[in-house]
Amino acid sequence: MLSAASRGSRRCVAVVASTSRRTFISKPSNRSIVSSFSDITPPFDPVSDAPNFGKVNIGLQRAGKLVIMNELLDDGEHPDMTLTMRNQFARNRVHLISLVDALISGGNFTRARKVLVEAYEVTTQEEFTRLRNDYLQEYALKELKDTGTISQALSWLVTSSLEDFKGLPFDPRAFVILLATACRMQDRLRGDNVIHEIYAEYTKQRTSATELFGYEGLLSYHDARRIVSVCMIPEAQLPRSFQLSSAPPAPDITRELDPSSDEPLSVALVKAQSEAVKNILSQIPASVQKTGFEELNPVDSIGIKLLRSSLKGIAESEKPVLPVYGKADKGESEADDGFLNFEAQLSLLPEDQQAQYREAFEIYNQQRQRLLEALALESARERWKYDYEQMLARGDMSVTNVNEYLWEWQQAMTQQVEQEFAEIDRLLDAKNEKPSGSARRRLRYGPYLKLLKPDKLCTITILELLRLHATGGLADGMRTARAVLTVGRSIQMEYNSEQLLRREVSGLGAYKPNKAALQNPQDFSRALANAKRLNEEFKVLDSWKPEWPDDIKAEVGSTMVSIFMHVAKVAVTATDPVTSKEVTSLVPAMTHSYQYSNGMKLGILKFHRDFADRISKDPANSIINPQFLPMLVQPKSWTSWASGGYHFSNAPLMRTKHSIEQQEYLKEACRRNDLQHVYEGLDVLGKASWVINSRVFRVLSKVWNSEKEFLEIPAKAPAKIEFPPEPPKDADPVARRDWARACKLLIMDARTSHSQRCDINYKLEIGRAFIGERMYFPHNIDFRGRAYAIPPHLNHLGNDMCRGLLMFWEAKSIGQRGLQWMKIHLANLCGFDKADFQSRVQFVDDRLDDIFDSADHPLDGRRFWMEAPDPWQALAVCFELADALRSPEPTEFKSRLPVHQDGTCNGLQHYAALGGDAEGAAQVNLEPGERPADIYTYVSDRVSELVAQDAANGNAIAKIFEGKVKRKVVKQSVMTNVYGVTYVGARAQILSQLKDIDGIPEEALWSGAAYLAKLVFKVVRNLFSGAHLIQDWFGECAKRISKSFPPNTTAENVKEGMTAVVWTTPLGLPVVQPYRNPTRKQVTTNLQTVYISEPSEMHPVNPRKQQAGFPPNYIHSLDATHMLLSALACGRNGLTFAAVHDSYWTHAADVDRMNAILRDAFIKLHEGDLVTKLKEEFEQRYKGYMYPFEINRTSAVAKKVMEWRRQFRKKLGRAVQLCDEVRIETKRRRLLDSSDPLKRAEGEKMITPMSIIGDDTDLESLRPPPMKVKLTPRQLSSENEELGGLTSDEVIRKTLGIEKTTDELSVSESADDGEMEFDESLSGEDADEVESVIEEMPVQEAILKQGRGLPVMVPLTFPEVPPKGDFDVKKLKNSLYFFS
Amino acid sequence: MSKIALGAGAIPSSFKSALKRGYERSSYTNYDRCVEIVKKLDLGTTFKKNEFEILEIYPCTGVWGRALSQYTNPSRHIVLERLDNYFAWNEQYNADIPWMLPIKVDAYKWKVYTSLLKYGAISPKKLPHDGINPSLLVTGNLTNKQGLQLLGQFLSCTAYRNWLQAYGCVRMLFWLRAVDAQRVMLSLHDKKMNRLSTLARLFSEIKPIACVHNTDSKGDVVPVPDLWSTRSSQPIDISSEDTYLKSDLVLLDIQPRAKESWEDEVNILELEYVIRNLFILPTAPLSTSITTLGSGAEYYFAEKLPQLMDKITAKLTNEEFVLVFKTFNKWPFKPDHLFDVGNDVDANTPSMITEFS
DNA sequence: TAGGTAATTAGGGATATAAGTACTAGTCAAGAA
DNA sequence: CCCGTGACTACAGACAATATCCCTAATTACCTG
């Protein structure tokens, strides 16, 4: 048990040093950029004309400011993290934290307090303080509501600290919470007394009141002033914002406590505001208004358009008014343009009005965004209900729409959930009843389940299951484990959002806004001002809810899923096999079943076939889960690891993989303000506004509704698969197997096309909902820093179709250069991207006719666009280009089209820059060149040559593949080669490419892939020597690190003690490789047990993955840095910027500027010697760590070490473990480093393996000599070979001494049917040829292997970095094809 | 006729090391005891001298095959084995058995048997399924993981009555690891009743012929399979000391049942599906485990077979299983297909993958 | 009412599951003799 | 302690085996002085 004092001294992370403070200036550069292609000189002068990066001090000068987990045992500094990771209560910890939170929110204060006391023992101080303050706040609020005072809360604050929490005092925030609550007391006089009392208590702890006013958002100005006057606090102790001089204007709304309402404030406010909005909108000229403000659209999946109308209707009815749905929602009319031309139409107005309307639009969108986040679930439900009622009104009970089912299920489920709630309550109340198995489980998940209202729980469950069905991989089923966890997670997220909404204003309950003040705005500007003020009231406090442990999610989820399965029924019809009559029956819509895969059971949930069929067919309206949709307003700027993006949903900054280690590093970096540039970069990405390309959408929609196959859209499959007839019962097993295989293939095909159709349906539906809307994609990052859009399904990172559907909201005049770039862009999309720019422009100019045709008759024309590798994007360009060229002044044309600039083999670009590798630089366009270099084409050409050679020499496989080796075949393997792909992996990659090529016999695929993989490796080996050196260095470092132990390793923590590879990107983002071996266990739920890992526990690292993952991850962290850096600079220079990792997008007009920026960013990034810096970081980060080094067993030193171990073993009385050596060696080093000469002497006397070796000895000299490894041919492989390359059939024939008969040939063929025996397809001669390829590989390495040595723990050092070449990355400045 | 009593030590070491690597199959090596076993089997009543063939797979040391062959005198004894060393060894060991013909093929492959039949290596008579086929005796050494797989396939054939079992009820004598034998042999009342044993029980009569009976260092009996003693046929005790790799082995005599009329009313694929799925929840009452058969199954079966709903899957009798099969066959809403299509082939769904360069 | 013992249960670890091993070879790590 | 055997096979977005038996620890029930 830890005393309060020691708790206080614990720190999570030690700051190693803080030398320099970074500053940056965010002044945008307004430099004009020279623009002409005939002008080969670069737009920027490399030296003097750099774009303004505003002194972004990218990281490398920051060495010494790393986040390093300090784990020095001897200092007695247990970082919280290691404590929580290794605490024996660790498993309890996360459970207790989320349980306390749930109990508080559920209003169960008695239990909450009890668990809080329990939690004290196992949580960190920070966690605990937050929990206790949460409790205090909610408790005080409750008391205030019930009794009008908060005396009990106050007395708890006074006494509990001593009684329950070992004297851990409350922090100032706790007092602020009470003070703010006291300010809400109706009885002002009593309120003042309480305030005084609280303050008196506070002064017992602290003298200055300054801290009290430091919590943003808790106290309003007026509250603060009141406290100041009541407690007579000196003005000097107040922050500026609370001083008298900064008094805000009197608010337009009166804040009254409305205990009866539990509606979130923002909703209440927006509803109240609707009149004002209506007024504003009514003043917009008709021409603008027509664009969709009032117009109802027949399709409204998510409720956005519902909101459009409900805003108008709310004032009268106080309830959302449903839009009137027209006829079937198919056809072209649906593509209403919404606000698409808002700006254009606005530009017709006088300027001052423009500004006003823009502001109105902004506010309008903000309101809708809030409603979207707050009410989307309800709106989906309303839609179901509406359809259901329509059905009733029709008087026809046959279900025509999925929604009608959904509403029935929703209702039935709600009832069941209410019963479940009652049961939970009964159990919670029943004190002395002994809980049985199911009761115990109920008690465990009950508090969580009850956090949401039953109807909401049900809606979430239904939506989530439908979504999983559509996207969960299996067509007619989903993994149970995934389903229950996803539902559980979704419920938690909804709870989090609700809490955020609830707390949004000072966390002090709901208010009734003064409607009168809003409904009669005197004039337009006053209305605007009102609306603006109200929006500012929505400031959401940073609040982070603990994540529920997975087992809780699973239990909550499974409860809901099983309720769903219990009540959801569909009517199905089938033919009775006996009577041959049609029978109809009500069956569960979803079944719980199992499958075996490799002998292991897999729980799956399946929707009934008939219902599943519906989902892929019916418009996906109202089954879209609205939790992470694109936003209507700019995402909230990122300000911390937990805050940014959505306003009322918690989306984390980083997608961590259940790794506390990652989270802790991130939090610490965040705390230290290291992530400002990351935030800024992400904000730029988030600020890019998008709109659905409605013309592309219309084409897509038409194609979709035809239900025919089109490009990558599979045709609508019939509900029932037509299987070939089953072979007769006594058929040969071979026939039976072949039949089964054929069936399974059919099933799989149906499955993939089904899920593709579902996926496309989903995307279309989102697109349809957002048509004509300005939308934004909030972004977050993976653990390496790569950015991703948070909204799933439809975003610009998706496939060609998604990208084709999206364009920028903002339109920019393209200018001459922009027109060129747009043409180049089209050429690129058509796959013509290897030529110089001029040729690409020419490529497009030569096809203008086709392009116009595609734009005018996309479906019934010549369909030029469809032949492009990226057809939908090509179509979008066709439209845009046609418009531009036809406009009177093409260069004035305002374009919204994003134009891409893609890195040419971005990974190798970074490698070449890291190594200063001139040759490599030229291959990947770091070096300026006349034409773009393409490394993939180069490799495929070289491979083709080799294939041709082999073919000429009679190699059968080579003959098959002669002339078939295209760029695409080798591309992936070439790229991944420097990331450490193995022969097996490359072979698989090539195989999957070969499958798509026509004219290759089935049986040659495999041997061909193997053959080509070998050739690719052979070509690449000599090509990327510089990159390989660095890659090897990365690998060696990662290997040493992942096998090393920190100095405080003990026998108990030796498992977890091994080390993950951690580094800091130049932007200051700490990257932690999460690869560990998770231990998983079974958790019993209502449906089945699920097998999940225990996230709160620390698992041993997986050195293999750490090593294999480091090279790609490091390079990716660099390209992420480059991207964010470019984003940041683009943002500061006023460009719209979007990116897909190594493909950067902007308006056509701005491509030149973007190119200049991204090149500069790359130069900036690589100016310093990153590899050396990395080495220095490692040395600093892993100072004092030890790793096992193998020394030659036969050496004298090894003998001595072994002798020492024998002695040491006697002393210990047990076997010596490596961690013992770490400990003793650490002790010795500490003594040697001591300033006390006595201690130093003591240290010198100590004998350890390292002292035997000698601290200054060159370890390399101790390596065991290389050993010859005898090549042991595997018994198994020799067993698998057919006798002398003969088939078994021939063996039998020969053994029996039967001569080949005339009908032999046909017989043997039929016997081999289905069995793939490659040996046969190759004559012996050909096989030799393959051998020859293998033999040409350097044999020495294969046979001479590092011998096994004696492992000795030595201090962790790193090999020298490979010498850097003389390529100057600044040359890049003139390289036009770097990104192109 | 030379009787070579062959202990483990008598096997040439070269052969021994070859066996150890990756072969994993054990084998009984006590020739005298093998003879005893053959005698006990009393094969002569069914298999007349020179009027039947033996098909032996994976002979391993070949001791059992030798004894069997010598004492039953088949017209031909085909041995399927892939180890190089076996052939050299066999040449000297079984030189005196002229009808023995080893073939170097992989007995795991189905098409091997097709070829054997095609070339007349074995030529069993095609007989109706009303009794043991006296023209072919299959034996083998299924004492590794692969062997268990093979056993499952042989048992499946007894259900389909196809492949080798297409010739009538072909008797099979298989050496198995004791644990595997136990799994197949479980009786109705055993809690551990499983898929394989149910299949076996439905279509064949299985008897243990020889069984390990070890004593440990203290002389106590090591309890291996406990059920043979209760069976009518008292198995012969053998010791794992006398086996290759010192493993616990059992020799099972599998005699396929004569065909019954219900077999025509069910689909074997459905039968396998039903058994497989019901045994996912072996201890649950049928009312629960039946749900794994498909959507709505619980209602349909509760209506058709109410008397079975409270029974535990693992305690269903043959007759009750047959009822379930028949009922399933007539179910209008049975699933469209009965395959467990693994989701392992999540491979390139072309348009779903996001395109990164 | 306290305490001791019997009885029950919860929970963790071990094991079996299915059934054409898809293909194959080098490397690294846990495990067993 | 050494050696044969087994798992994995570039990274990321996007994670997932389950039922049952058997034994032990822990808790409850029950009994008695």
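Chain identifiers are assigned alphabetically (A, B, ...) following the order of the sequence lines, protein sequences preceding nucleic acid strands; residue numbering begins at 1 within each chain. Atoms considered below: every heavy atom in the structure, side chains included; atoms not considered: hydrogens, waters and symmetry mates.
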Using a heavy-atom cut-off of 4.0 Å across all strands, would you classify [X] as base, sugar-phosphate, or nothing?
X         : value
A:Gln1107 : nothing
A:Val978  : nothing
A:Ile1115 : nothing
A:Lys553  : nothing
A:Thr976  : base
A:Gln1106 : nothing
B:Gly152  : nothing
A:Tyr1075 : sugar-phosphate

Write down the distance separating the P atoms in D:dC8 and C:dA22, rounded off to the nearest Å. 14 Å
Taking the C1' atom in each of D:dG13 and C:dC23, what is the distance between them to the nearest angstrom? 28 Å
With sequence neighbours left out, write down each residue that passes ring-ring contact (aromatic ring centres under 6.0 Å, His included) with [X], or none if nothing qualifies.
X         : answer
A:Phe1110 : A:Phe1034, A:Trp1063, A:Tyr1114, A:Phe1178
A:Tyr596  : none
A:His1028 : none
A:Tyr1075 : none

Using atom [atom1] of [X] as one end and atom [atom2] of [N] as the other, report the distance to the nearest whole Å.
X         : N      : atom1 : atom2 : value
A:Arg786  : D:dA14 : CZ    : P     : 13 Å
B:Leu281  : D:dA17 : CG    : C1'   : 14 Å
A:Met478  : D:dA16 : CE    : P     : 15 Å
A:Arg1104 : D:dA7  : CZ    : C1'   : 7 Å

Just compare [options] and give me whichever is closest to any side-chain atom of [X].
X         : options                : answer
A:Trp1006 : C:dA19, D:dC21, C:dC23 : C:dC23
A:Val1090 : D:dT18, D:dA16, C:dT21 : D:dT18
A:Tyr1091 : C:dA29, D:dT18, D:dT9  : D:dT18

Nucleotide by nucleotide, nucleotides 13-18 of chain C touches protein heavy atoms under 4.0 Å in the pattern (B base, S sugar-phosphate only, - none) -B-SBB
Kindly confirm whether the side-chain ring of A:Tyr979 is stacked on the base of D:dC11, judged by centres under 5.5 Å and planes under 30°. no
Can you spot which of A:His796, A:His1141, A:His779 makes a ring pair (Phe, Tyr, Trp, His ring centres under 6.0 Å) with A:Tyr788?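 With A:Tyr788 as partner, ring pair (Phe, Tyr, Trp, His ring centres under 6.0 Å) holds for just one option, A:His1141.
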With sequence neighbours excluded, residues passing side chain to side chain contact (heavy atoms under 4.5 Å, CB included) with A:Ala988: none
DNA chain C in dot-bracket, Watson-Crick or G-U pairs under 3.5 Å, [ ] crossing, | other strand? .||||||||||||||||.......|||||.|..
Quick test of your reading of the model: are A:Arg737 and A:Asp732 salt-bridged, counting only N-O distances below 4.0 Å?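 No, this pair does not count.
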Polar pair under 3.5 Å, donor/acceptor by atom type, side chain B:Gln146, base C:dT21: yes
According to side chain to side chain donor-acceptor pair (under 3.5 Å), does anything in residues 1100-1111 of chain A pair up with another residue at least two apart or in another chain? List the pairs. A:Gln1073-A:Gln1106, A:Asn1077-A:Asn1102
For a quick test of reading the model: is some side-chain N or O of A:Tyr594 closer than 4.0 Å to OP1 or OP2 of D:dA19? yes
Taking only side-chain N and O atoms of A:Ser1093, does any of them lie within less than 4.0 angstrom of OP1 or OP2 on D:dA16? no
What do you reckon, are the aromatic ring centroids of A:His910 and A:His1116 less than 6.0 Å apart?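 Ring centroids of A:His910 and A:His1116 are no less than 6.0 Å from each other.
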Sequence neighbours left out, what pairs pass salt bridge (Lys or Arg N to Asp or Glu O under 4.0 Å) with at least one residue falling in residues 1082-1093 of chain A?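 Sorted result for residues 1082-1093 of chain A: empty, none.
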